[in-house]
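Have a look at the structure below before the remarks.
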Amino acid sequence: MRLTCPLCGERDRREFYYCGAEDYLHRPAEGAPLAEWDNYLHLRDNPAGVTKDLWYHEAGCSQWLMVTRNTVTHEISAVELVAERKA
Amino acid sequence: MRYSGLKVITEGLFGNKGWTPAWRDPAPKAEYDVIIIGGGGHGLSTAYYLAKNHGITNVAVLEKGYLGSGNIGRNTTIVRANYFLPGNSEFYSHSMKLWEGLEADLNYNVMHSQRGLINLFHSDGQRDAFVRRGNAMINQGDDAILLDRDGVREHLPYLDFDNTRFPIYGGLLHPRGGSARHDAVAWGYARGADQRGVDLIQNCEVTGIDIENGVVRGVQTTRGAIRAKKVGIVVAGRSSQVAAMAGMRLPIESHILQAFVTEGLKPVINHVISFGMGHFYISQSDKGGLVFGGDLDFYASYAARGNLPMVEHVMEAGMTLMPMIGRAKVLRSWGGIMDMSPDGSPVIDKTHVDGLFIDCGWNYGGFKAVPASGWCMAHLMATGEPHEVARKFRLDRFATGHLLDEEGTGSQHNLH
Amino acid sequence: MRVDGKGLIDRTKPVRFRFDGKDYAGYKGDTLASALLANDVRLVGRSFKYHRPRGVLTAGSEEPNALVEVVGPSNQTPNVRATMQEVFEGLVAQSQNRLGSLRFDLMAVNDYLSPFLSAGFYYKTFMWPRAFWEGLYEPLIRRAAGLGSLSGKHDEGTYEKAFAFCDVLVIGSGPAGLMAALTAGRAGADVILCEESHVLGGRLLSDGGTIGGQPAGEWVASVLAELQALPNVRIMARTTVTGAYDHGTYGALERVGLHKPARPNLPRECFWRIVAKHAVLAAGALERPVAFENNDRPGIMMASAVRTYLNRYGVVPGKRVTLFANTDQARGVARELMAAGVTMAAIIDPRPDASAVEDCPVHVGAEVVGSRGRLGLSGIQVRKGSEIIEIETDCLAMSGGWNPTIHLTCHMNGRPRWSEDLAAFVPMEGAVPGLVAVGAANGSFSTHGALATGHAAGMKAVEALGRKVSVPVPEAEDMPYRLKALWAVEGKGRAWLDFANDVTTKDVKLAAQEGFRSVEHMKRYTTQGMAPDQGKNSNVAALAVLADATGRGIAETGVTTFRPPYTPVSIAAMGAGGRAEGFAPQRFLTSDQASRDRGAPMIEAGLWYRPSYFPKPGETTWREACDREVNMVRQAVGVADVSTLGKIDIQGRDAGKFLDFVYTNTFSTLPVGRVRYGLMLREDGLVLDDGTSARLGENHYLMTTTTAAAGLVMRHLDFVHQAFCADWQVRFISVTESWAQFAVAGPKARGLVNSFLETPVELPFMGVAPVRIGGVDGRLFRISFSGEEGYELAVPTRYGEALFRDLVARAETMGGGPYGMEALNVLRIEKGFITHAEIHGRVTAHDIGMEKMVSAKKDCIGKAAATRPGMWGPEREQLVGLKASAPISAGAHLFVPGAEVHRETDQGYVTSICWSPTVGAWLGLGFLKDGRARLGEKVRLVDHLRGLDVICEVCHPVFHDPDGEKLRA
Amino acid sequence: MPELIAKSALEGRELTVGTVTLAEVDVGPITSIAVFPGGAKAVAKGLKALGLAMPEPNSFTEKKGARIVWTGREQAFLLGADCPALESAAVTDQSDGWAVLSVSGAGAVDVLARWVPLDLRLGACPVGGAVRTQLNHMNVVILRTGDHAFEIMVFRSMARTAWHEVESAMHMLAARSATKI
């Protein structure tokens with residue numbers, strides 16, 4: 001499996017650490033109700049198809065990446081830096 | 001038809017013509033009292049215990065492929081009761097007791113063999129953690145023995161005690177731990193349920209769940225609509241897709257777990273062994289293949305196949321722990337779809353829809369849970385109350401913070 | 001026997017080898033199989049269940065029968081395909097899976113019990129009496145099961161792994177593969193050509209014929225010469241591409257040293273990870289056996305294998321050969337055998353309209369219905385209409401047509417397509433992105449078909465790479481593939497489908513009869529296709545028999561899943577580099593050698609090695625050394641290397657704000673030159689890590705993490721920064737490796753430290769200051785993990801060893817010295833300090849009594865989730881101290897004295913213990929339900945595993961100097 | 001207080017096997033430069049004094065013995081020279097954090113192909129390339145310093161493991177070429 005890091009280029013999967021779905025980027029505001037935190041930490045669409053998830057280029061540039069990926073075919077259609085992601 | 005050695009002989013003498021089908025292959029009726037979605041290990045055992053324990057036999061098990069086509073059909077077949085958190089330890093202890101009577105109960109040889117399971121540890125810290133686990137097992141009424149280095153060497157002389165990266169400090173022996181023939185468990189429960197009148201319906205995929213003002217009415221399938229008063233979702237890796245048909249978003253992420261089997265070998269490994277400093281556990285099947293696995297591929301996936309980095313890590317772990325398996329050749333590698341939950345423990349609970357129940361979150365420990373999961377899901381669906389040993393497997397426990405996190409790695413789904 | 005004038009072997013180089021204790025000779029270039037056949041050895045093995053005699057069936061890696069053990073000087077390798085093992089001088093091999101000799105295998109009794117050993121019999125019996133399963137039945141089954149044997153000794157062989165990258169990966173070097181490689185190679189593309197065999201050319205080496213007017217062998221030689229000369233082409237012989245993975249990644253196993261005696265550093269095997277933009281599967285096709293009664297005798301072989309042994313090895317497996325085949329192509333075997341002077345007893349062709357014109361008897365519209373010869377074929381029975389003909393023969397070449405080798409195209413759950421006219425499964429287009437099947441692997445069975453499709457695939461790749469080339473396709477035979485599918489011959493007796501697992505057509509029908517109608521159920525119930533050849537010789541015929549038995553078409557019945565590896569791969573090859581210490585990197589402290597010089601046992605702490613204790617002469621147990629070291633620190637001064645702790649340098653205007661966001665307590669208000677203990681949560685509200693952070697400057701902090709969580713915390717900070725505050729003025733980098741840091745603790749610590757500083761400094765407790773030590777810029781922290789007045793002296797790592805040796809030497813002059821992990825652990829327990837034994841990932845700030853550190857004035861990671869109801873309340877276990885006069889243990893559980901010891905009455909557990917020379921008692925840290933409200937109570941500590949049952953006193957975790965006077969002295 | 005003696009990670013080891021030479025290299029001071037948001041211009045000005053500039057990803061530039069190596073998003077390591085004052089960047093001394101090994105000779109690419117999951121042939125990794133990747137299980141920075149020469153930066157505490165792994169590959173490669181049939 002290979003991912004194309006926007007900075008380092010195309011790399012073998014072994015260089016990356018996966019933490020979960022893109023939901024982790026939408027941290028509830030301070031004082032948000034616990035239900036929002038349950039949603040943020042636990043509940044997932046978990047689609048069998050295209051999803052967005054978060055990978056860390058551990059052996060490379062230490063950037064967190066948002067990857068648009070198909071969970072059935074493993075086809076990867078987009079990779080962008082979390083730090084520079086569109087809002 | 002009852003199976004026995006005598007029957008095998010008498011049938012053998014007459015060309016084996018007399019054997020009847022292990023289960024019928026009925027077309028779906030228009031309505032049942034209970035529908036179980038998912039014809040895997042947990043779905044079949046739920047149907048079996050609904051019939052056996054609660055006398056509810058107007059039941060249909062709907063399976064989109066062939067019976068036992070999911071994780072029950074491909075796993076490392078380990079059966080153990082070595083959990084330490086209250087909520088888990090009583091559940092798996094109950095499952096182990098059911099395993100120990102399963103052949104007689106099902107009249108089907110699932111080849112459950114308790115040759116002993118050894119968790120190795122490689123530091124004082126790991127030893128203390130395993131001692132806490134072992135004491136919890138004994139407090140639960142199960143068995144655990146602390147082995148020191150020489151104790152491990154007695155059982156497993158072929159491990160590398162001298163030239164390895166993480167020296168072996170000792171191991172926690174779970175004598176009643178072992179393995180079973182996975183397909184036989186699915187077929188045994190299927191035959192048992194079928195004999196009690198349960199309809200096992202294959203090639204029948206559920207495409208929708210009918211709900212009218214908060215009450216479940218039945219399901220839509222590729223073989224037509226079927227009505228029911230109670231519906232159980234027991235589909236492991238596909239839980240999110242089926243739950244979404246009822247408007248539910250689950251705390252589940254589906255992941256790939258690879259496992260491997262070697263060519264057949266004369267007996268060389270008699271225990272189930274797990275390595276403490278890398279993802280590697282192994283046992284030898286009765287047919288002679290070394291069956292071993294490691295950890296998830298660590299990215300969400302439904303592809304039921306994995307990639308090389310984890311394969312190589314598992315092989316390297318095997319080589320540092322027991323280099324004598326080096327010349328065994330991997331014959332086949334496969335990947336199952338694991339329904340990972342935020343604390344590594346399962347969910348057997350009602351849902352917000354009246355009459356709709358969910359049994360999921362088995363991470364990669366579902367095989368040993370097949371008997372108790374069916375027992376408790378049947379109890380819940382029949383009585384509306386959770387069974388005593390599954391009381392803590394609540395769907396809302398993540399929202400309330402009553403976690404059952406055996407690994408202690410937190411809410412990230414793939415860390416359990 | 002050997003025939004002259006044939007074969008690619010080197011007859012000038014005889015090779016002596018041994019099989020089952022007897023010595024034989026072959027030639028360089030022979031395989032074990034060809035050399036044994038040359039010596040008229042037909043019996044080479046025994047089948048798995050019935051232990052029937054087995055002989056060589058094929059000439060390739062799909063061989064189901066000729067599996068042997070190759071015995072080396074110090075180890076042995078089971079299940080080696082004799083058809084792939086090249087002979088070398090001194091090779092020793094032996095047959096496997098037999099009780100007694102190969103000719104008289106006692107287990108062959110199973111063959112006579114076969115009526116009772118039908119498919120799935122073991123599910124229906126062995127259930128009574130219950131104890132007999134593990135006591136008698138299973139041990140018998142396990143001893144009878146399995147094929148070859150491991151030696152049980154560590155595999156000391158050399159193995160390697162490697163990565164390779166290319167534009168075009170060509171898999172297989174037959175006509176299609178060579179054409180694809182030539183086309184891409186001439187276009188200048190970066191090509192890798194893999195060939196499973198030790199020679200390149202594939203079927204061309206066996207089937208002869210002409211290409212572009214010249215003999216096929218010459219064409220192969222000319223193409224290889226050109227490819228070898230092209231710098232952009234790499235040829236990898238003896239390399240099987242074993243699996244297709246995501247995004248153009250392929251696994252491949254190269255047999256490097258298996259055809260030579262072992263040599264130092266020469267790898268036995270190399271496992272390649274090849275990344276290819278385009279891949280061409282030119283793996284040819286596998287010939288299909290035909291199921292007829294007793295079709296499994298040694299001497300019954302695949303027709304193409306007989307042709308290969310004749311043309312590649314100059315060997316004929318019999319003196320009176322018969323051919324049973326349903327294609328025109330197969331007739332070539334008979335003609336070539338006759339041309340080589342071998343007697344063709346008969347050709348049997350099931351096609352009624354087949355040609356009968358040959359130089360030997362031909363029976364058209366006929367089928368073989370039986371065979372004779374216990375340890376090797378001696379005759380066959382042929383049915384023609386109602387007539388049965390008996391024919392003497394010692395070698396039957398059979399062919400039921402060809403199965404394209406589609407495996408790799410199905411490694412991503414792609415299902416192949418059933419082709420009615422080829423009566424075979426062919427690959428589904430694009431099933432594996434970037435991989436295209438050509439030649440026989442795609443159902444183009446003629447040489448022309450192979451050349452044309454190989455060329456086309458080469459051109460497609462060249463164009464996709466933006467290159468141009470024109471390569472003419474030489475002309476070659478294009479014989480039509482006219483096949484009348486024949487899966488099984490009607491008959492009463494047992495007709496073999498899976499030769500290794502002994503699965504017959506009766507077993508498949510029985511599976512259908514018992515309701516196992518899905519092809520996956522049939523496979524698992526009968527174990528068909530689960531043997532070492534993974535159904536390469538039986539899957540298609542078996543599902544055809546199942547289709548017939550269940551009244552369905554073959555396409556509807558479908559295939560089982562193809563899974564890597566294509567052929568089995570040794571664990572040692574895929575695990576190369578993992579052996580011994582190679583499994584994980586080793587991290588060494590600068591004080592490593594100095595500690596070993598003092599006899600300190602070094603123990604693993606994560607990837608690091610740290611000294612356990614420093615034994616003095618006369619001390620026999622670790623406890624003696626540890627107690628001495630504890631007293632030494634309490635009474636004089638101790639030195640310990642603490643460089644393994646994670647250190648993260650954080651700079652920028654928003655550094656303080658950033659720390660406030662990741663720590664529960666506040667750091668933005670920390671004065672410069674001061675240090676503060678910080679608690680860090682995971683976003684789920686549970687404790688992630690703890691440690692001190694120092695403010696070195698207005699916009700400059702240094703965070704310390706535990707050894708265990710260093711990597712974890714770094715990744716966590718990167719996530720929080722990049723996900724939530726990428727625009728803040730803060731940047732950070734690990735400096736763990738840049739500093740060697742030594743704890744100096746004890747009443748005389750200040751004297752020792754000052755003696756090293758060029759200008760002594762008066763540091764307040766929890767203070768930090770730059771210092772000069774021996775001409776070097778360092779840092780001095782006043783922090784203590786022992787509870788004594790304590791400092792940590794840090795210098796750039798290159799000076800670490802020197803400083804450690806000097807510090808220890810000087811400490812010894814003051815009645816102190818070095819102390820190891822054991823003493824460090826006792827000191828911190830006496831002081832009630834926690835480690836990851838306590839913060840084990842399921843613990844909240846409240847549980848460890850630090851809820852007051854969660855600042856109310858600011859948000860931080862984990863703050864909200866920590867407010868969940870389940871995170872609070874008396875039923876949770878809280879950190880307490882435990883004191884006892886008798887030995888106690890970590891991992892023990894706690895109960896109310898007198899209560900029954902059971903899960904429901906469990907009150908908590910013990911995480912750390914020690915004998916405390918300072919307090920003169922056994923001390924522990926643990927977690928107790930509502931613990932802080934129960935100080936002073938007695939609890940019963942029970943450790944079943946170590947047989948301990950001790951009454952302890954529950955107390956405040958800090959046993960030593962609770963008010964911290966020593967710290968602030 | 002006597003002067004503290006300095007010691008490098010591998011104490012200047014060197015080894016040649018077949019066509020490949022492995023040696024510890026002293027690259028002098030190493031300083032990490034991490035630009036604060038909006039600080040690029042100021043840092044560029046600061047670096048001009050050394051005739052250098054922040055490098056493009058996966059590359060390094062060299063001027064009069066000083067090298068500036070790309071190591072991440074708006075981050076670089078300055079090797080072989082003292083770092084000028086750069087007020088809009090986080091400047092951190094890394095000199096003692098890394099051991100540097102040079103691997104050179106005709107077989108260098110094949111040796112590294114045993115452990116590095118990257119195409120290090122000249123076409124894919126030209127001279128002047130700098131990639132952050134793995135050497136087996138260790139994170140490394142690999143500099144392509146010549147047609148047949150690499151310098152590999154690895155965490156100092158893991159230097160022995162890095163040395164052992166490269167050396168084992170050198171011996172295996174030499175054994176392969178010695179038995180070419």
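Letters A, B, ... are given to chains in the order of the sequence lines, protein chains preceding strands, and every chain is numbered from 1.
- Remark: B:Lys7 pairs with B:Glu11 by the side-chain hydrogen bond (donor to acceptor under 3.5 Å, both in side chains) rule, at least two apart or across chains.
- Under the 3.5 Å distance criterion, the side-chain polar atoms of C:His902 are left unmatched by any main-chain donor or acceptor of B:Gly141.
- Looking at B:Asp124, the atoms closer than 4.5 Å to chain C (heavy atoms on both sides) all sit in the side chain, from C-beta outward.
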B:Asn139 vs C:His944, side chain to side chain donor-acceptor pair (under 3.5 Å): CA-CA, chis, key distance, verdict: CA-CA 9 Å; B:Asn139 292 339; C:His944 305 285; 2.5 Å; yes
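- Residue contact with chain C, scored on non-hydrogen atoms closer than 4.5 Å, involves the side chain of B:Ser89 exclusively.
- The contact between B:Glu407 and chain C is made entirely by backbone atoms, counting heavy-atom distances below 4.5 Å.
- Within the 4.5 angstrom heavy-atom criterion, no atom of B:Asn203 approaches chain C.
- When atom types are taken as modelled, the side chain of B:Asp128 and the backbone of C:Gly891 share no donor-acceptor pair closer than 3.5 angstrom.
- Heavy-atom distances place both the backbone and the side chain of B:Arg115 under 4.5 Å from chain C.
- The backbone N or O of B:Arg132 lies less than 3.5 Å from a partner atom in the side chain of C:His893, making a donor-acceptor pair.
- Applying the side-chain hydrogen bond (donor to acceptor under 3.5 Å, both in side chains) test to C:Arg130 and every residue at least two apart in sequence or in another chain returns nothing.
- Residue contact with chain C, scored on non-hydrogen atoms closer than 4.5 Å, is absent for B:Leu321.
- Of all heavy-atom pairs spanning B:Asn307 and C:Tyr245, the tightest one is OD1-CB, 3.4 Å.
- Nearest heavy atom pair, residue C:Arg563 against residue B:Gly335, reads NH1-N, 3.6 Å.
- Interface residue C:Thr561: backbone and side-chain heavy atoms are both found under 4.5 Å from chain B.
- Only the side chain of B:Val311 comes within contact range of chain C, with heavy atoms under 4.5 Å apart.
- Salt-bridge check for C:Arg842 with B:Glu406: failed, with every basic side-chain N at 4.0 Å or more from each acidic carboxylate O.
- Only the backbone of C:His411 comes within less than 4.5 Å of a heavy atom in chain B; its side chain stays farther off.
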Evaluation steps, side chain to side chain contact (heavy atoms under 4.5 Å, CB included), between B:Val8 and C:Tyr123: CA-CA 10 Å; B:Val8 168; C:Tyr123 296 125; over 6 Å; no
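- Heavy-atom pairs under 4.5 Å with chain C were tallied for B:Phe84, B:Tyr158, B:Tyr108; the largest tally goes to B:Tyr108.
- Proximity to chain B (any heavy atom under 4.5 Å) is restricted, for C:Leu686, to the side chain, taken from C-beta onward.
- A salt bridge links C:Arg142 with B:Asp286: at least one charged nitrogen is closer than 4.0 Å to a carboxylate oxygen.
- With no hydrogens or angles considered, no side-chain donor-acceptor pair links B:Asn163 and C:His154 at under 3.5 Å.
- Within the 3.5 Å criterion, the main-chain N or O of C:Pro585 finds a donor-acceptor partner in the side chain of B:Arg165.
- For B:Trp23 and C:Phe516, the ring centers are positioned less than 6.0 Å apart.
- Interface residue B:Ile325: backbone and side-chain heavy atoms are both found under 4.5 Å from chain C.
- In this structure, chain B has a heavy atom under 4.5 Å from the side chain of C:Glu822, while its backbone stays farther away.
- Contact count versus chain C (heavy atoms, under 4.5 Å) is highest, among B:Gly408, B:Gly12, B:Gly288, B:Ser411, for B:Gly408.
- Between C:Phe583 and B:Phe275, the gap from one ring centroid to the other is short of 6.0 Å.
- Looking at B:Arg24, neither its backbone nor its side chain comes within 4.5 Å of chain C, counting heavy atoms on both sides.
- Residue B:Leu102: no heavy atom, backbone or side chain, is found under 4.5 Å from chain C.
- Residue contact with chain C, scored on non-hydrogen atoms closer than 4.5 Å, is absent for B:Gln126.
- Residue contact with chain C, scored on non-hydrogen atoms closer than 4.5 Å, involves the backbone and the side chain of B:Ala317 alike.
- Listed options B:Val268, B:Thr20, B:Leu6, B:Asp343 were ranked by heavy-atom pairs under 4.5 angstrom with chain C; first place goes to B:Thr20.
- Looking at B:Phe14, there are no atoms closer than 4.5 Å to chain C (heavy atoms on both sides), in backbone or side chain.
- Under the 3.5 Å distance criterion, the side-chain polar atoms of B:Asp160 are left unmatched by any main-chain donor or acceptor of C:Ala580.
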Test salt bridge (charged side-chain N to carboxylate O under 4.0 Å, His left out) applied to C:Glu138 and B:Lys287, step by step: CA-CA 10 Å; C:Glu138 189 184 39; B:Lys287 279 213 285 297; over 6 Å; no
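- The candidate from C:Ala512, C:Ala605, C:Pro78 with the greatest count of non-hydrogen atom pairs under 4.5 Å with chain B is C:Pro78.
- Under the 3.5 Å distance criterion, with hydrogens and angles disregarded, no donor-acceptor pair is assigned to the side chains of C:Gln76 and B:Arg327.
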Side chain to side chain donor-acceptor pair (under 3.5 Å) evaluation trace for B:Asn16 with C:Lys506: CA-CA 10 Å; B:Asn16 290 304; C:Lys506 282 185 176 189; over 6 Å; no
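- Using a 4.5 Å cut-off between heavy atoms, B:Ala328 contacts chain C through both its backbone and its side chain.
- Between B:Leu403 and C:Arg868, the closest heavy-atom pair is CD1-NH2, 4.0 Å.
- Residue with the most contacts toward chain C among B:Thr409, B:Val314, B:Thr262: B:Thr409 (heavy-atom pairs, distance under 4.5 Å).
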